[in-house]
Asker: 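Would you mind keeping the following structure in view while I ask a few things?
Because only heavy atoms are used, hydrogens play no part in the values below, and waters and symmetry mates are left out as well, while side chains stay in.
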Amino acid sequence: MKLLATKTLLTALFTCFLFACNTATPENYFDRAVLNCNMMIGFANDGFQRQLEQPSAKLIEGTKDQTAPMKRKEVIDNQIQYLEESFVKVKDLKETEDSRVMLKASIVLYEYVLPVYKNEYVQLAKLYDHGAPKEQVASFSKAIMDKYAAGFEERYNAVISAGKPYAASHNIPVKWDIKSSPTP
């Protein structure tokens with residue numbers, strides 16, 4: 001009987017330990033819900049367009065030093081994969097009283113952006129990869145920007161607005177509004 005009680009106690013303690021290890025810290029919440037959204041910067045604006053115009057290079061399979069430009073489809077697929085993995089991490093976070101607004105804002109942003117990558121941006125990548133005329137590519141890209149830029153900005157700003165008080169209340173040091181180029 002004593003052995004059974006000991007095993008039960010050890011099992012309960014081990015279970016508590018596992019749950020304690022899986023509890024995300026406020027920093028984890030902030031990183032997943034707010035900071036990871038920075039990977040969306042450029043969505044529906046010139047930033048991502050430049051990335052598609054001049055894609056990164058990749059190693060040619062079977063070589064150690066020869067590179068070739070990535071296909072635009074690969075650029076889009078990589079972005080989708082990263083965003084889907086990040087989105088799962090956000091959805092896996094347990095909603096708390098103080099994280100609720102931040103998590104919901106982040107989820108709304110992911111739900112807005114991912115379908116556009118999977119549809120319009122995949123179509124745009126095909127135009128690039130199949131050598132469509134520049135005017136057609138530019139027109140399609142502009143249509144994406146015209147349709148989604150304002151909605152993205154609104155949702156992204158909601159994430160940032162929810163993240164600021166969360167970071168402040170948990171003493172998470174964040175430098176907001178950093179300019180990427182020096183001012184004269």
Asker: Given side chains that start at C-beta, do those of D46 and M145 come closer than 4.5 Å, heavy atoms only?
Answerer: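 Yes, at least one pair of side-chain atoms sits under 4.5 Å.
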Asker: Do the non-hydrogen side-chain atoms of V34 and M102 ever get within less than 4.5 Å of each other?
Answerer: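 A side-chain contact exists here, since the closest heavy-atom pair is under 4.5 Å.
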Asker: Can you tell me how far CD of Q54 sits from CZ of R50, rounded to the nearest 0.5 angstrom?
Answerer: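 Reported to 0.5 Å precision, the distance equals 9.0 Å.
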Asker: Would you say Y156 and N38 are linked by a side-chain donor-acceptor pair, where the criterion is simply a distance under 3.5 Å?
Answerer: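 Yes, Y156 and N38 have a side-chain donor paired with an acceptor closer than 3.5 Å.
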Asker: Measure from the side-chain N and O atoms of R72 to the backbone N and O of E53, and report whether any donor-acceptor pair falls under 3.5 Å.
Answerer: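 Yes, R72 side chain to E53 backbone: donor-acceptor pair under 3.5 Å.
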Asker: With a 6.0 Å cut-off (strictly less than), is the heavy-atom count around CD of E84, excluding the residue itself, greater than 12?
Answerer: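 Buried by this count: over 12 neighbours within 6.0 Å.
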Asker: Between D98 and T96, what is the shortest heavy-atom contact and its length?
Answerer: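 Shortest heavy-atom separation between D98 and T96 comes out as OD1-OG1, 2.8 Å.
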Asker: Looking at CD1 of I76 and NZ of K73, how far apart are the two atoms once the value is rounded to the nearest 0.5 Å?
Answerer: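 Rounded to the nearest 0.5 Å, the CD1-NZ separation comes to 9.0 Å.
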Asker: Compute the centroid of each ring, for F48 and then for Y121, and state whether the two points are separated by less than 6.0 Å.
Answerer: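 Here the rings of Y121 and F48 have centres that are less than 6.0 Å from each other.
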Asker: Are L109 and I160 joined in one hydrophobic group, where the rule is that I, L, V, M, F, W and Y side chains link up if heavy atoms are under 4.5 Å apart?
Answerer: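 Yes, L109 and I160 fall within the same hydrophobic cluster.
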Asker: Does atom NZ of K58 have more than 12 heavy-atom neighbours from other groups under 6.0 Å away?
Answerer: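 Yes.
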Asker: Salt bridge check, K91 against E111: does any charged N sit closer than 4.0 Å to a carboxylate O?
Answerer: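 Salt bridge: no.
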Asker: Around K147, counting heavy atoms of other residues, nucleotides and ligands shown, do more than 12 lie under 6.0 Å from its NZ?
Answerer: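 For K147, atom NZ is not crowded (no more than 12 foreign heavy atoms under 6.0 Å).
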Asker: If you measure from CG on D77 to CD on Q81, what distance do you get to the nearest 0.5 Å?
Answerer: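 D77 atom CG to Q81 atom CD measures 8.5 Å (nearest 0.5 Å).
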Asker: Could you tell me whether a side-chain N or O of S169 sits under 3.5 Å from a main-chain N or O of P165, the two making a donor and an acceptor?
Answerer: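 Side chain of S169 to backbone of P165: a pair is present.
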Asker: Is there side-chain contact between V122 and K126, with heavy atoms separated by less than 4.5 Å?
Answerer: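 The answer is yes; the side chains approach within 4.5 Å.
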Asker: Going through the checks in order, is the side chain to side chain contact (heavy atoms under 4.5 Å, CB included) test met by L52 and L124?
Answerer: CA-CA 9 Å; L52 291 175; L124 181 60; 3.6 Å; yes
Asker: On a heavy-atom basis, which atom in R32 and which in V90 lie closest, and how many Å separate them?
Answerer: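 Scanning both residues completely, I find the closest heavy atoms to be O-CG2, 3.1 Å.
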Asker: Report whether L83 and Y112 are members of the same hydrophobic cluster (ILVMFWY, side-chain heavy atoms less than 4.5 Å apart, transitive linking).
Answerer: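 The answer is yes; both residues are in one hydrophobic cluster.
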Asker: Determine, using the 4.5 Å side-chain heavy-atom cutoff (strictly less than), whether Y117 and I41 are members of one ILVMFWY cluster.
Answerer: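 Linked, Y117 and I41 end up in one cluster.
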Asker: Of all heavy-atom pairs between A33 and S106, which one has the smallest distance, and what is that distance?
Answerer: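 Here A33 and S106 meet closest at O-OG, 2.8 Å.
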Asker: If hydrophobic clusters are built by linking Ile, Leu, Val, Met, Phe, Trp and Tyr wherever their side-chain heavy atoms come under 4.5 Å apart, do F87 and I80 end up in the same one?
Answerer: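 As far as the 4.5 Å side-chain criterion goes, I80 and F87 are connected within one cluster.
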Asker: Do the side chains of F30 and S99 get nearer than 4.5 Å, heavy atoms only?
Answerer: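 No, too far: nothing below the 4.5 Å cut-off.
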Asker: I need the minimum non-hydrogen distance between S86 and Y110, along with the two atoms involved.
Answerer: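 Residues S86 and Y110, closest heavy atoms: CB-OH, 3.2 Å.
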Asker: Which heavy atom in L59 sits nearest to a heavy atom in K64, and how many Å separate them?
Answerer: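 Taking L59 first and K64 second, the nearest heavy atoms are CD2-O, 3.8 Å.
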Asker: Is there a path from L35 to I172 through hydrophobic residues (I, L, V, M, F, W, Y) whose side chains come within less than 4.5 Å of each other?
Answerer: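 Yes; I172 is reachable from L35 via cluster members.
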Asker: Taking the six-membered ring for Trp and the full ring for Phe, Tyr or His, determine whether the centres of Y148 and F152 are under 6.0 Å apart.
Answerer: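 Ring centres of F152 and Y148 not closer than 6.0 Å.
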Asker: Counting distance only, does the side-chain N/O of Q79 pair as donor-acceptor with the main-chain N or O of M39 below 3.5 Å?
Answerer: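 The answer is yes, because a donor-acceptor pair under 3.5 Å joins these two groups.
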Asker: If you look at every heavy atom in P26 and Y166, which pair is closest and at what distance?
Answerer: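 Scanning both residues completely, I find the closest heavy atoms to be CA-OH, 3.2 Å.
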Asker: Might you work through the side chain to side chain contact (heavy atoms under 4.5 Å, CB included) test for V159 and R155, ending with a clear yes or no?
Answerer: CA-CA 6 Å; V159 171; R155 288 162 180 82; 5.9 Å; no
Asker: Mark yes or no for whether N28, through its side chain, and T25, through its backbone, hold a donor-acceptor pair below 3.5 Å.
Answerer: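 Yes: the side chain of N28 pairs with the backbone of T25.
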Asker: Just by modelled atom types, is the K94 backbone N or O under 3.5 Å from a matching donor or acceptor in the Y29 side chain?
Answerer: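 Between the backbone of K94 and the side chain of Y29 there is a qualifying donor-acceptor contact (under 3.5 Å).
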Asker: Roughly how far, to the nearest 0.5 Å, is OG of S141 from NZ of K134?
Answerer: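 Rounded to the nearest 0.5 Å, the NZ-OG separation comes out at 13.5 Å.
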